[in-house]
**Student:** 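Can you keep this structure in mind? I'll have questions shortly.
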Amino acid sequence: MSPAVDILIPQMASADATSNHTRLIQELLEEKQFEVRIVVERRTRATRGTIPIEKWKCDAQVSILQHSIGSEVAQCVIRKRSPIVLNYHNITPAEYFRAWQPELARSVERGRQQLHQLAPLTRRGIADSAFNARELQELGINDVVVSPVLWQLDGQLSHGDAETTNKISEDGGTMLFVGRLAPNKCQHDLIAAFAVLSRLRPKSRLVLVGDASPPEYLLSLKGLARRLGVNDRVVFAGKVSDQDLLGWYQVADVLACASEHEGFGVPLVEAMAKGLPVVAYDAAAVAETLHGAGIVLSDKRPVTVATAINRVLKDRKLQSTLRHRGIKAAQRFDISLTRQQMWDALRDLLEPQS
C-alpha cells in the first residue's frame with residue numbers, strides 16, 4: 001500500500017488559486033506514487049474524491065494544511081494536536097471587512113488566532129513568498145521554505161505573442177484588473193485613477209474581472225463609477241472562465257493593481273506571462289512577485305496611478321521593455337520549476353532517510 005498524504009483545505013472551489021494549487025500538489029505526489037487524500041469541511045460542485053473532515057483519521061505520513069482563513073479543518077488539527085506541514089497563503093487583515101461583511105471579518109480573525117495555535121504543531125512551514133515566510137518565522141516556526149503557488153491556467157498563457165499588441169489610439173486603451181472585488185484589493189482606487197485617466201483618454205476603459213466578496217462592495221464600486229461619470233466605461237466582468245480570462249489578457253493594454261494586501265498575486269504572474277505591462281502599488285508581496293518587471297508605485301493617489309498608466313499606454317518602447325521583463329520574471333513560476341520546488345520542500349518528510 002502506498003504511503004498516504006492528506007491535504008486539508010476548507011473547500012475545493014473552481015477558479016480558485018488555492019484549490020488549483022492543491023490539485024497540482026495532488027498530481028505531483030501521485031506521480032511520486034503516494035496516495036493523496038484531500039480533506040474538506042465543505043462539499044462543493046468542484047469536489048471530487050474528497051474526505052469530509054469528520055472522517056479524517058489523522059493517520060497519514062504527512063498532513064498538509066492549506067491555511068488562509070479560519071476553518072474547521074484547522075480547528076480539527078488543533079483539537080487533535082496533529083503535526084502538520086503548514087502551507088501558508090497569508091490571511092487578509094480583518095479591518096478590511098468589518099464595515100462590509102462582519103461575518104467574514106470574524107472568520108479571518110479566527111484564522112489569525114488559529115495560526116498562533118498551529119505554530120507549535122508545524123513540522124515545516126511552506127510559504128508562497130518571502131513576505132509570507134517572514135510572518136511564519138515571527139511566530140517561532142524556524143523551518144520555513146519558500147515555494148510559490150503551483151499555477152497552471154487552462155489554455156496556458158503563451159509566451160510567443162509578446163510583440164503582438166493592440167494598436168492603442170491616443171485617446172483609448174484598456175486597463176485591466178483580475179481578482180476578487182474586495183476591500184483589500186482596492187478597486188475603488190482603480191476607479192478613481194481611471195476617472196483621471198479618462199480625461200486624457202476619453203475612449204479608454206477599465207475592466208474588472210472577478211467575483212464580488214462581499215457583494216456590498218460591488219454595489220459601492222458601481223456607485224462610485226456613476227458619481228465619477230465613468231460608469232459607461234467601467235466593465236464589471238464578474239467571474240469568468242479560463243478561456244474568457246485569456247481573452248481579457250489578450251485585449252488588455254495594461255494590468256493595474258492597487259491592492260494593499262497580496263500574499264503572492266497569481267494575476268500578476270499571469271499578466272507578466274502574457275507579456276502584459278503591469279502597474280502596481282507597492283504593498284505586501286507585490287514587488288517581490290513582480291521582481292523588477294513592472295512599474296511599482298510608492299503611492300496610489302489617483303493622479304499618480306493615472307499618470308503611470310498613461311505613460312505605459314503612450315510609450316511603445318516602455319511597453320516592449322515591460323513585456324520582455326515580465327515574460328522573463330514569470331518564467332520563475334513555470335510549473336516545471338515550482339513543482340520541483342514543492343517536491344524539494346516535502347521530499348525529506350516523505351522519503352525514508354538513507
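Count residues from 1 along the sequence.
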**Student:** Under a 4.5 Å cut-off applied to non-hydrogen side-chain atoms, are R81 and L121 in contact?
**Tutor:**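 Side chain of R81 against side chain of L121, heavy atoms only: contact under 4.5 Å found.
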**Student:** Output the distance between atom CG (L290) and atom CD1 (I295), rounded to the nearest 0.5 Å.
**Tutor:**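 With rounding to 0.5 Å, CG (L290) is 10.5 Å from CD1 (I295).
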**Student:** If two hydrophobic side chains count as joined below 4.5 Å and joins carry through other members, does I69 share a cluster with M12?
**Tutor:**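 Not linked; separate clusters.
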**Student:** Specify the closest pair of heavy atoms between P83 and S63, including all atoms of both residues, with the distance to one decimal.
**Tutor:**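 In terms of heavy atoms, the two residues are closest at O-CB, 4.2 Å.
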**Student:** Minimum heavy-atom separation for W248 and L176, please, with both atom names.
**Tutor:**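 W248 and L176 have their closest heavy atoms at O-CD2, 3.9 Å.
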**Student:** Looking at NZ of K239 and CG of L245, how far apart are the two atoms once the value is rounded to the nearest 0.5 Å?
**Tutor:**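 The distance works out to 12.5 Å.
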**Student:** Do L255 and L268 come within less than 4.5 Å of each other through their side chains, counting heavy atoms only?
**Tutor:**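 With C-beta onward as the side chain, the pair touches.
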**Student:** Work out which heavy atom in P183 is nearest to a heavy atom in P214; give both atom names and the distance.
**Tutor:**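 For P183 and P214, the tightest heavy-atom pair comes out as CD-CD, 3.7 Å.
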**Student:** Out of D232, D253, T174, which one pairs with R205 under the side-chain hydrogen bond (donor to acceptor under 3.5 Å, both in side chains) rule?
**Tutor:**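 Exactly one option meets the side-chain hydrogen bond (donor to acceptor under 3.5 Å, both in side chains) with R205, and it is T174.
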**Student:** Restricting to non-hydrogen atoms, name the atom on L322 and the atom on A293 that form the minimum distance, rounded to 0.1 Å.
**Tutor:**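 Closest approach of L322 to A293: CD2-O, 3.4 Å.
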**Student:** Do V149 and T338 have side chains that get closer than 4.5 Å, going by heavy atoms?
**Tutor:**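 Not touching, per the 4.5 Å side-chain cut-off.
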**Student:** Please round to the nearest 0.5 Å and tell me the distance separating atom CG of L313 and atom CE of M175.
**Tutor:**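 Here the rounded value is 9.5 Å.
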**Student:** Write down the atom of P93, the atom of V108, and the distance for their closest heavy-atom approach.
**Tutor:**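 Shortest heavy-atom separation between P93 and V108 comes out as C-CG2, 4.4 Å.
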**Student:** Just do the side-chain contact (heavy atoms from CB on, under 4.5 Å) check on I9 and S19 with the steps written out, would you?
**Tutor:** CA-CA 8 Å; I9 183 172; S19 298; 4.1 Å; yes
**Student:** So does E31 have more than 12 non-hydrogen atoms from other groups sitting under 6.0 Å from CD?
**Tutor:**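 More than 12 heavy atoms, drawn from other residues, nucleotides or ligands, come within 6.0 Å of this atom.
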**Student:** Between L118 and H67, does the side-chain contact (heavy atoms from CB on, under 4.5 Å) criterion hold? Intermediate values first, please.
**Tutor:** CA-CA 10 Å; L118 291 165; H67 192 60; 4.1 Å; yes
**Student:** Between E72 and R110, does the salt bridge (Lys or Arg N to Asp or Glu O under 4.0 Å) criterion hold? Intermediate values first, please.
**Tutor:** CA-CA 10 Å; E72 285 305 308; R110 183 191 187 201; 2.6 Å; yes
**Student:** Would one find more than 12 heavy atoms of other residues, nucleotides or ligands at under 6.0 Å from atom CZ of R112?
**Tutor:**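 Yes, CZ of R112 has more than 12 neighbouring heavy atoms, counting only those of other groups under 6.0 Å.
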**Student:** Output all residues satisfying side chain to side chain contact (heavy atoms under 4.5 Å, CB included) with E109, sequence neighbours left out; order by chain, then residue number.
**Tutor:**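 Partners of E109 under the side chain to side chain contact (heavy atoms under 4.5 Å, CB included) test: A94, R98, R106.
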**Student:** Any chance you could measure D242, atom CG, to Q152, atom CD, to the nearest 0.5 Å?
**Tutor:**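 Reported value, rounded in 0.5 Å steps: 10.5 Å.
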**Student:** Taking atom CD of E216 and atom CG of L221, what is their separation to the nearest 0.5 Å?
**Tutor:**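 It comes to 11.5 Å.
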**Student:** Treating K300 as the side-chain partner and Y281 as the backbone partner, does any N or O pair qualify as donor plus acceptor under 3.5 Å?
**Tutor:**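 Checking the backbone N and O of Y281 against the side chain of K300, no donor-acceptor pair under 3.5 Å is found.
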**Student:** So which atom in G210 and which in L181 form the shortest heavy-atom distance, rounded to 0.1 Å?
**Tutor:**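 In this case the closest contact between G210 and L181 is O-CG, 3.7 Å.
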**Student:** Linking I/L/V/M/F/W/Y whenever their side-chain heavy atoms sit closer than 4.5 Å, directly or via other members, would L200 and I191 fall into one cluster?
**Tutor:**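 No.
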**Student:** Side chains of S107 and F97: closer than 4.5 Å at any heavy-atom pair?
**Tutor:**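 A side-chain contact is absent here, since even the closest heavy-atom pair is not under 4.5 Å.
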**Student:** Can K203 and E170 be said to form a salt bridge (Lys or Arg N to Asp or Glu O under 4.0 Å), step by step?
**Tutor:** CA-CA 9 Å; K203 293 184 181 178; E170 290 186 3; over 6 Å; no
**Student:** Where the side chain of S169 meets the backbone of G172, is there a donor-acceptor pair that is under 3.5 Å apart?
**Tutor:**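 Yes, because the side chain of S169 sits within donor-acceptor range (under 3.5 Å) of the backbone of G172.
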**Student:** With distance as the sole test, does Q11 use its side chain to make a donor-acceptor pair with the main-chain N or O of E41 at under 3.5 Å?
**Tutor:**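 Side chain of Q11 to backbone of E41, a donor-acceptor pair under 3.5 Å: no, none is there.
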**Student:** Could you check whether atom NE2 of H188 has more than 12 heavy atoms from other residues, nucleotides or ligands sitting under 6.0 Å from it?
**Tutor:**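 Atom NE2 in H188 is packed in, count exceeds 12.
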**Student:** Ring pair (Phe, Tyr, Trp, His ring centres under 6.0 Å) between F194 and F177: does it pass, once the steps are laid out?
**Tutor:** CA-CA 12 Å; F194 178 69; F177 176 88; over 10 Å; no
**Student:** Parallel under 30°, tilted from 30 to 60°, perpendicular over 60°: which one fits the rings of H261 and F131?
**Tutor:**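 Judged by the thresholds at 30° and 60°, the geometry between H261 and F131 is perpendicular.
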**Student:** Let me see the working for L206 and V230 under side-chain contact (heavy atoms from CB on, under 4.5 Å), right down to the final yes or no.
**Tutor:** CA-CA 9 Å; L206 169 63; V230 294; over 6 Å; no
**Student:** For Q26 and R23, what are the C-alpha separation, side-chain angles and deciding distance, and is it a side chain to side chain donor-acceptor pair (under 3.5 Å)?
**Tutor:** CA-CA 5 Å; Q26 180 184 33; R23 285 289 184 210; 3.1 Å; yes
**Student:** Does any N or O in the side chain of S129 come within less than 3.5 Å of the main-chain N or O of G263, such that one atom is a donor and the other an acceptor?
**Tutor:**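 Checking the backbone N and O of G263 against the side chain of S129, a donor-acceptor pair under 3.5 Å is found.
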**Student:** Judged by atom type as modelled, is there a donor-acceptor pair below 3.5 Å linking the side chain of Q101 to the main-chain atoms of S213?
**Tutor:**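 No: the side chain of Q101 does not pair with the backbone of S213.
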**Student:** Calculate, to the nearest 0.5 Å, the distance between atoms CZ and CD1 belonging to R339 and I25 respectively.
**Tutor:**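 Atom-to-atom, R339:CZ and I25:CD1 are 11.0 Å apart.
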**Student:** Could you check whether any side-chain N or O of R123 sits under 3.5 Å from a backbone N or O of D143, counting only pairs where one atom can act as donor and the other as acceptor?
**Tutor:**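 Side chain of R123 to backbone of D143, a donor-acceptor pair under 3.5 Å: no, none is there.
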**Student:** If you define the side chain from C-beta out and look only at heavy atoms, does anything of V145 sit under 4.5 Å from Q341?
**Tutor:**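 Side-chain contact under 4.5 Å: no.
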**Student:** Using the side-chain contact (heavy atoms from CB on, under 4.5 Å) rule, take V251 and V207 through it: C-alpha gap first, then chi angles, then the decisive distance, then the call.
**Tutor:** CA-CA 10 Å; V251 302; V207 178; over 6 Å; no
**Student:** Just wondering, do L24 and M342 contact through their side chains at under 4.5 Å, heavy atoms?
**Tutor:**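 They are not in side-chain contact.
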**Student:** Hey, does the side chain of E288 reach the backbone of A130 with a donor-acceptor pair shorter than 3.5 angstrom?
**Tutor:**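 Such a contact is found between E288 side chain and A130 backbone.
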**Student:** Test salt bridge (Lys or Arg N to Asp or Glu O under 4.0 Å) on R180 and D211 and set out the steps.
**Tutor:** CA-CA 5 Å; R180 285 182 304 107; D211 218 356; over 6 Å; no
**Student:** Could you check whether any side-chain heavy atom of S298 comes within less than 4.5 Å of a side-chain heavy atom of D282, counting everything from C-beta outward?
**Tutor:**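 No, too far: nothing below the 4.5 Å cut-off.
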**Student:** Do you reckon V146 sits in the same ILVMFWY cluster as L139, going by side-chain contacts under 4.5 Å, direct or chained?
**Tutor:**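 Shared cluster, no.
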**Student:** Keeping the roles fixed (side chain from Y217, backbone from Q187), state whether a donor-acceptor pair exists under 3.5 Å.
**Tutor:**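 Flag set: sc Y217 to bb Q187 pair under 3.5 Å.
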**Student:** Do I335 and V36 sit in one hydrophobic cluster, given that two such residues count as connected whenever their side-chain heavy atoms are within less than 4.5 Å of each other, even indirectly?
**Tutor:**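 Same cluster.
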**Student:** Is W343 reachable from V85 through a run of hydrophobic residues whose side-chain heavy atoms are each under 4.5 Å from the next?
**Tutor:**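 Yes, V85 and W343 fall within the same hydrophobic cluster.
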**Student:** Is it the case that D315 and Q319 place a side-chain donor and acceptor less than 3.5 Å from each other?
**Tutor:**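 No, because no side-chain N or O of D315 sits under 3.5 Å from a partner of the opposite role on Q319.
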**Student:** Examine distances only and state if a side-chain atom of H21 and a backbone atom of L150 form a donor-acceptor pair shorter than 3.5 Å.
**Tutor:**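 Here the side-chain-to-backbone pair exists.
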**Student:** Any chance NZ of K57 has more than 12 other-residue heavy atoms, nucleotides or ligands included, within less than 6.0 Å?
**Tutor:**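 Counting neighbours around NZ of K57, 12 or fewer heavy atoms of other residues, nucleotides or ligands fall under 6.0 Å, so no.
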**Student:** CZ of R325: more than 12 outside heavy atoms within 6.0 angstrom?
**Tutor:**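 No - once you tally the heavy atoms of other residues, nucleotides and ligands closer than 6.0 Å, there are 12 at most.
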**Student:** Quick check against the 3.5 Å criterion: does R124 have a side-chain atom that pairs as donor or acceptor with the backbone of L346?
**Tutor:**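 Not confirmed, R124 side chain does not pair with L346 backbone.
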**Student:** Do I168 and R201 touch side chain to side chain, with heavy atoms closer than 4.5 Å?
**Tutor:**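 Of all side-chain heavy-atom pairs linking R201 with I168, at least one is under 4.5 Å.
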